[in-house]
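A quick write-up on the structure given underneath.
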Amino acid sequence: MNNYVNDLFGLEGQVALVAGASSGIGAEFARALASAGADVVLGARRADRIEALAEDIAKATGRKTLAVSLDVTDRASVEAAFEKAKAELGVPTIVCNNAGIARPNWALEDSEEDWDATMNTNLKGMWRVGQIAAKAMLENGKGGSIINTASILGLGVGPQQLTYATSKAGVVQMTRAMAIEWQRWGIRVNAICPGYFKTEINDAFLDSELGQRMLAQSPAKRAGKLAELVPAMLMLASPASSFTTGVALPVDGAHSVRLA
Ligand code: NAI
């Protein structure tokens, strides 16, 4: 990389923490952050998966990695993960706030439990991680970049997505609220809004007739590839976006802007 590009986009000297790193988008983000020069903390509930992944990423990139147990629905678990990260690699200056679940259901069928579980992980979980990350960054005095994985379903809605879309719309608004308050400390907060990328969260839906029809009708007529999501995250993580905060950035092949 030449110096100009490296100064803008390189992540050397930074520590990144990825919440929900055990599969899909989070795993891909962890790999990319290490490739761009950051040491990476992988947080998730499935210890076996993140330990193997952390080892694999360290071998492939030569960066330091750490697997930490992290449940975003449990404040003590999030605080402990940040403490462990600080003790072993340093305070994270990049946080990919990415853990999420989906429980597609017709609106008349959603239960109290569906609502609570979705909100507690997708919205309150991201709030917990964001607040704890910002407190650590503030104390550290170096600022940082928090990237919330929202969704195009935070910008528009689709059938059977009441709880999920409501939680992700909350993430978009929360991102803006965090951005305006924390800018003074050099803490940037942005949301990335993926369109459809095939992962464990949606593979059954994307293979279904409804999912196939939805993709066929989208402007790109296909799902995105994870490698097509990574550059937007790296841009938001890097010094290149030092004046970019409070943004909700769709990466969706124009899926979210099509009206008919
Ligand atoms: P995934 O199911 O592979 O990943 C979700 C991750 O969140 C997993 O690592 C899972 O273990 C973790 N997670 C769930 N609950 C957790 C908890 N309580 N504590 C810690 N970790 C927890 O699916 P994917 O697609 O990689 O999802 C990542 C994020 O991207 C989610 O927030 C999802 O809503 C969002 N998203 C995904 C899209 C897609 O098309 N795949 C589209 C738009 C947004």
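All figures in this text were calculated on a predicted structure; none of them were measured in a lab. Every number for a ligand or one of its atoms is a count from 1 in the order of the listing.
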request  = Please verify whether a non-hydrogen atom of Glu28 lies at under 4.0 Å from ligand 1.
outcome  = no
request  = Compare Ala99, Ser22, Pro250 and give the one whose heavy atom is closest to atom 22 (C) of ligand 1.
outcome  = Ala99
Does [X] approach ligand 1 within less than 4.0 angstrom via side chain, backbone, both or neither, non-hydrogen atoms only?
| X | value |
| --- | --- |
| Ile201 | both |
| Ala150 | backbone |
| Arg46 | side chain |
| Asn98 | both |

request  = Check each atom of ligand 1 against the heavy atoms of Leu70 and keep those under 4.0 Å away; list them by number with element.
outcome  = 19 (N), 20 (C)
For ligand 1, which is the ligand I care about here, please tell me if [X] has any N or O atom under 3.5 Å from one of the ligand's N or O atoms.
| X | value |
| --- | --- |
| Ile152 | no |
| Gly26 | no |
| Asn202 | yes |
| Met126 | no |
| Val72 | yes |

